[in-house]
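Everything numeric here is computed off the predicted structure, so don't read it as measured data.
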Amino acid sequence: MNLEFTNEELAFQEEVRSFFAEVVPKEWLTRVRAGLRLEPKELIAYQKALAERGWGAPNWPKEFGGTGWGPTQIYIFESEATRAGAPIQFHQGLELIGPIIFTYGSDEQKKRFLPGIINADDWWCQGYSEPGAGSDLASLKTTAAKDGDEYVLNGQKMWTSYAHVASHMFVLARTSNEEKRQQGISLLLVDMKTPGIQVKPIDTMDEKHHTNEVFLDDVRVPVNNLVGEEGRGWGYGKVLLDRERMVSAANAIHIQQVIDGARAAAERLIAGVPLYKTPTFSSKFAQLEIEATALKTMVLRLMADAAAGVDSGPRGSMVKLRWSELYQSAMGLWLEALGPEAAHFRGLENTQAPSDMPYAMQGALYSRVTSIYGGSSEIQRNIIARRALGL
Amino acid sequence: MNLEFTNEELAFQEEVRSFFAEVVPKEWLTRVRAGLRLEPKELIAYQKALAERGWGAPNWPKEFGGTGWGPTQIYIFESEATRAGAPIQFHQGLELIGPIIFTYGSDEQKKRFLPGIINADDWWCQGYSEPGAGSDLASLKTTAAKDGDEYVLNGQKMWTSYAHVASHMFVLARTSNEEKRQQGISLLLVDMKTPGIQVKPIDTMDEKHHTNEVFLDDVRVPVNNLVGEEGRGWGYGKVLLDRERMVSAANAIHIQQVIDGARAAAERLIAGVPLYKTPTFSSKFAQLEIEATALKTMVLRLMADAAAGVDSGPRGSMVKLRWSELYQSAMGLWLEALGPEAAHFRGLENTQAPSDMPYAMQGALYSRVTSIYGGSSEIQRNIIARRALGL
Amino acid sequence: MNFDYSGEQQMLLDSVLRYGLDNWSADKRLACLKDLPSNVTKSWAEMADLGWLMLSIPEEEGGLGGTPVDVMALMEGIGRHLIPVPYVTSCVLVPALLSGTGETATEILEGIGLGNIRAAAGFLESEGGFDLNYVGLSAELSDNRWLLSGEKVHVEDGGDADWYVVSARTAGSIMDSDGISLFLISANSPGLKVENFRAVDGHTHSRLRLDNVNATLVGEKDQALMRIESAVDRAITAHVAEAVASMEMANAVTLDYLGTRRQFGVSIGSFQVLQHRAVDMAIAAEEARSMMLHATLNLNADPVTRKRAVSAAKTRVGQTGLYVAKQAVQLHGGVGTCDELIISHHLKRQMMLDTAYGQADYHRTRFANVS
Amino acid sequence: MNFDYSGEQQMLLDSVLRYGLDNWSADKRLACLKDLPSNVTKSWAEMADLGWLMLSIPEEEGGLGGTPVDVMALMEGIGRHLIPVPYVTSCVLVPALLSGTGETATEILEGIGLGNIRAAAGFLESEGGFDLNYVGLSAELSDNRWLLSGEKVHVEDGGDADWYVVSARTAGSIMDSDGISLFLISANSPGLKVENFRAVDGHTHSRLRLDNVNATLVGEKDQALMRIESAVDRAITAHVAEAVASMEMANAVTLDYLGTRRQFGVSIGSFQVLQHRAVDMAIAAEEARSMMLHATLNLNADPVTRKRAVSAAKTRVGQTGLYVAKQAVQLHGGVGTCDELIISHHLKRQMMLDTAYGQADYHRTRFANVS
């Protein structure tokens, strides 16, 4: 039992560190720390830099263009990214549809779509959720009717993040009605330029456009774009279960950025003393750091399990739960650190607020959705109770 | 809308205050503050002093020997009791069986039993719970078979507080088996000297003997001791629903004693400074005081509702819930104030710990049961959800 | 001891509730927000016509001489429908600062009461946090005229004020309790630079930079701190009432959602975990309402009692308000984060109410240290 | 990076678990507690035979030279079955204080390892809280003999020690970091008064009053604080492992109860609220285990890293341990508060473990201030 890195791993750490020192611009820092996604063009530039270095897909096997890294390397990579103020890579392509394509897709699909994900020529969005479906995904209503060499899609998708910038969407649609609601659902790859697709922004309280409704009106998709077999799309999600823990782990490692953001904000003087030195703020901040230490060690254990090929049970769900709680707390502390000026969201008439003020407020508002999306905290607890505790 | 007392009420307050100044011995203080019941002989002496002054039953109507006070007077009375370090009156007779007897009992029962409750000649205990029944009281198994002029009781009662000092017990027992489990249950008044009763202490983690198992083995009870009608005992509990809010209210008013206890303990010097002046302790203590202020105002509103004859909805349950939480927090703070010596529970070989140490630990351990008894916090939330929120 | 509104107070509350429902209800809100300034102006004029703007102004200064409980009743209506008018600033805080200080003030107050003037007040400075005694902005007497120089970093609702009341240092040094005075300045004074910021809840706040701005002394020179603290406590208590009403509305909306929204074939209100959450939200609202009453009914008590009551209320209502609003969003799921539903607006307002005049922890410390 | 026990460590853990199950399991516990001193003495002798008492004593001083991870493995067994032996005090803390300080110490350590001697250590003084540098007990050199006078208010597990190691002031004044030295004193020294206290968890602690007690200097004069801090951090980390194992056992027992106990015609584990509570308890235990690993694997790091890791673990394990134990009692209902069920014993031990060497908040402050 030990926490040390080998000499090889230390050398790798150096390599990654100098790479990030070069590619991460300072102007990203505040937004990254506030947990806000960068602009699409910034994310694309970042992904292209990674791809050029051969690190576009840290979690993918080598044969599909990934790095083939083991968990310790991935941990080092994400830790250094965190340290350098780099964002989390956009995950809809890399972590959601990519792995499904390289596991269940046809050779043609692999050849066509995998490189575009790594080098950011394509931008994928996820067409799963529907109005009223929420956590109950199996009740989806979008249909895909076969018509010759094409499927004809009709329906409405909801919460489609970044559909407004995406070039492609992967869609779950019903190809037949079976008694068991999970059956008869197929997975299709759709070019966003196809006629009949309409994207409508959803206005959210953080005032950042990141999600959409997508209307599908006689959208014709070549049958070649069906992934795997018809009617078995629901099952393909299972490949994600194992990968989800890596997404949660990456998020959790990046929590340090939010904590650093709150800490930097607390350099502000209050009655002449830096806020972080006042006992009540200091003890709340220490509590946050301590809980983040626990989270980080949970991630290390998850990584060690993954390295050993061991099932880490519900630890992925636990990490997701605790990550969202800590992110929300950290943003709360950040707002507190801003003091009265936390209310200054947007300067009017060319007035500027200090750069972290609007982003901190936006980040604090955005943070609320992290305990809702990807399986709300309540759903995660249901899952842990059932799978891990047998209740 | 106002918080002021009338001149009459202010005069009453003076009167109560001087009474308590006389009857409350200093040596009760630590135990009362720790939320621990005094010894039976102390409680009896206190009750006798109250009875002598005519205040033995503050919540009873005059015609049965009570004071006939309105809610504001009761509030003043309990507040002054709190201030003076007086205990809460033992409630099994005063608040549980007394009101049932004066509402549903025969004239003979009223004459025989009510005065003994007020002047503490009798000590009542409650034979409701049974092993395995817990919150699901309707599943009780103790039987009362009619045999001539007597009922013959057989069964086992559990969590019978102070059965070991009680002179009488009121018992729920099954007199017939009906389809609806709540039917066929009768309420009987039993003299504890009756042959066939065996009381066995339940050892609890606080190391204070306060509760028992009671075995009933062919215990013969005169039919005259049946309260109201046979088979309708379950329903008589309902008279208590309205009175429960007054019991919760009295407890909640007395919360200030526990807070004062924690505050006094925090006079201890830590590195030369009184603990209560250190910022982290001070902010936790302030939080407690603030929440207690909310609780106290909830009680005032409850009292005002009672005065106006208005239903206060679920506020009684809310007060009970919050009271137990605050009591538990306050005892936690008290323990923290004791520092390393909190571990000194019992001096061996004639060694003495400062008087509040063992009592604080005992109070902290005892406090755990307050969120369990009288309807656990979980049950209270079920009740509020159903009755008040319609869920 | 009595917690009932009088008949008149109940009528006032009912009218504000009706006004809010007619003009700012959830279904009309998004449209209103699209042209917020003109809708606020419209509401302001209507509220003036209804006499609400002069509620807490003393009768001898052209007002109705309303009590803290009267203000509480009105604020319950404003909070329940999240009416984004600068009522507390212009009609509670400023009147408390100005009343009884003389002719100029009386003129301003009459104008406020009639809806002709809006005023705001600035106390806070850079590096001073929420401390009202941290005043460095200087006031120099020159040729019998007061000239003010310095900065106020945050003026609540300063965005469209015609007049500002600001604290300035006339003696002593920064953080001294003595030596603070109040001044009136017009929004279009030479030397005054106003920077405006939109908040997430529709209110507009300002930062003021003053460079030898001509000002009128208001009230006692050097001894304004007690007046400022008392006025701010009144503003806080009005905000507390707004927050409580918003919590109760958020709870009602959420309860309704729990009953109608179905998942996995049942109403989500049948899940015990969500039931208990709703109970905790209801308890939080009960606590908050109790604290609101406690603060309001102690506003005219001695300063120590008043400060402790107000800070206790500010602390607990800040905590419970954020708890309720966050859980209301959480129980709504994804749609809870959308502009379209009213629930996210309650969260935003609760966040801003907690921030105004000091977050929960700031007031918990004040509560502990008042003596 | 690896979190697996070695084969030997796993074997050690398994033997302690088996020993605990055979001798201190829930069904035997009440009988054991009735004659606690003799049962502790019996276990102590058996543990000596198994070689466990010499685990963390260096090989050159007659021990096995075990690592922090070895100690952690052993403590998991002790914690899971709540074996009320003074292991951490006598076999972790004292060896860390004494090892490498010379002949007298080596003799004591050999005796400890063989089970012939029990030793405890006293640092804390009245009005010093948990601060290890708050040392007023005086040591005077007279005729080449050290004479100690003063008081130690709490000696963990001091109840049946044959020797005490105490900190005393040899230079400087109270609260100085320099000028603290360590001394060995025999329990039956003239001038030493030992007052013993039973704790709620079966351990026995002491208060020492010294009046010119003859003592042996241990280690470097005036410079003992670093050694004391390091030793106490080892004791804390061992306690943390004990607490984590106790939490996991409490969770297992509670989970079992949820599955078997029936109310209202169903198993209580079918209630969603109780399911989610059990999940939060499981997450708490995961966090605690992570903190245990973090502290243990940083015990040999530089002092700043070590102190932060240990205080972080002490804080979080104190918080989560109390949470888990309290909820375990709550979910058991009334029977959870009874001696008869093991669950109340877990709560009592968690309360005492949180108290030992400073509660959660004390260590959170230490964590924040270490530099």
So which part of [X] gets closer than 4.5 Å to some heavy atom of chain B, the side chain, the backbone, both or neither?
{"X": "Arg364(D)", "value": "neither"}
{"X": "Thr204(D)", "value": "side chain"}
{"X": "Leu274(D)", "value": "side chain"}
{"X": "Leu347(D)", "value": "side chain"}

Of the listed Glu195(D), Gln330(D), Gln359(D), Met352(D), the one with the largest count of heavy-atom pairs under 4.5 Å with chain B is Gln330(D)
Counting heavy-atom pairs under 4.5 Å with chain B, the top scorer among Lys326(D), His205(D), His203(D), Glu125(D) is Lys326(D)
Chain D contact via [X] - side chain, backbone, both or neither, heavy atoms under 4.5 Å:
{"X": "Ser377(B)", "value": "both"}
{"X": "Ser139(B)", "value": "neither"}
{"X": "Leu335(B)", "value": "both"}

Can you tell me how far apart [atom1] ([X]) and [atom2] ([Y]) are? Round to the nearest 0.5 Å.
{"X": "His154(D)", "Y": "Leu338(B)", "atom1": "NE2", "atom2": "CG", "result": "12.5 Å"}
{"X": "Leu275(B)", "Y": "Glu127(D)", "atom1": "CG", "atom2": "CD", "result": "12.5 Å"}
{"X": "Arg368(B)", "Y": "Gln327(D)", "atom1": "CZ", "atom2": "CD", "result": "7.5 Å"}
{"X": "Met351(D)", "Y": "Leu365(B)", "atom1": "CE", "atom2": "CG", "result": "4.5 Å"}
{"X": "Met357(B)", "Y": "Phe197(D)", "atom1": "CE", "atom2": "CZ", "result": "8.0 Å"}
{"X": "Phe264(D)", "Y": "Ile379(B)", "atom1": "CZ", "atom2": "CD1", "result": "4.5 Å"}

Does atom [atom1] of [X] have more than 12 heavy-atom neighbours from other groups under 6.0 Å away?
{"X": "Phe367(D)", "atom1": "CZ", "value": "yes"}
{"X": "Glu267(B)", "atom1": "CD", "value": "yes"}
{"X": "Lys200(B)", "atom1": "NZ", "value": "no"}
{"X": "Gln352(B)", "atom1": "CD", "value": "no"}

Search all heavy atoms of [X] against all heavy atoms of [Y] and return the closest pair with its distance.
{"X": "Ala271(B)", "Y": "Asp131(D)", "value": "CB-OD2, 3.7 Å"}
{"X": "Trp159(B)", "Y": "Cys338(D)", "value": "CH2-SG, 3.4 Å"}
{"X": "Pro340(B)", "Y": "Thr355(D)", "value": "O-CG2, 4.2 Å"}

Next on the checklist: So Val329(D) and Ile372(B), do their side chains get closer than 4.5 Å, heavy atoms only?
Outcome noted: yes
The complete set of salt bridge (Lys or Arg N to Asp or Glu O under 4.0 Å) pairs with one or both residues in residues 332-354 of chain B, sequence neighbours excluded, reads Lys284(B)-Glu336(B)
Of the listed Gly339(B), Ala343(B), Ala342(B), the one with the largest count of heavy-atom pairs under 4.5 Å with chain D is Ala343(B)
Assert top hit (heavy-atom pairs under 4.5 Å, partner chain D, pool Arg268(B), Arg381(B), Glu207(B)) equals Glu207(B)
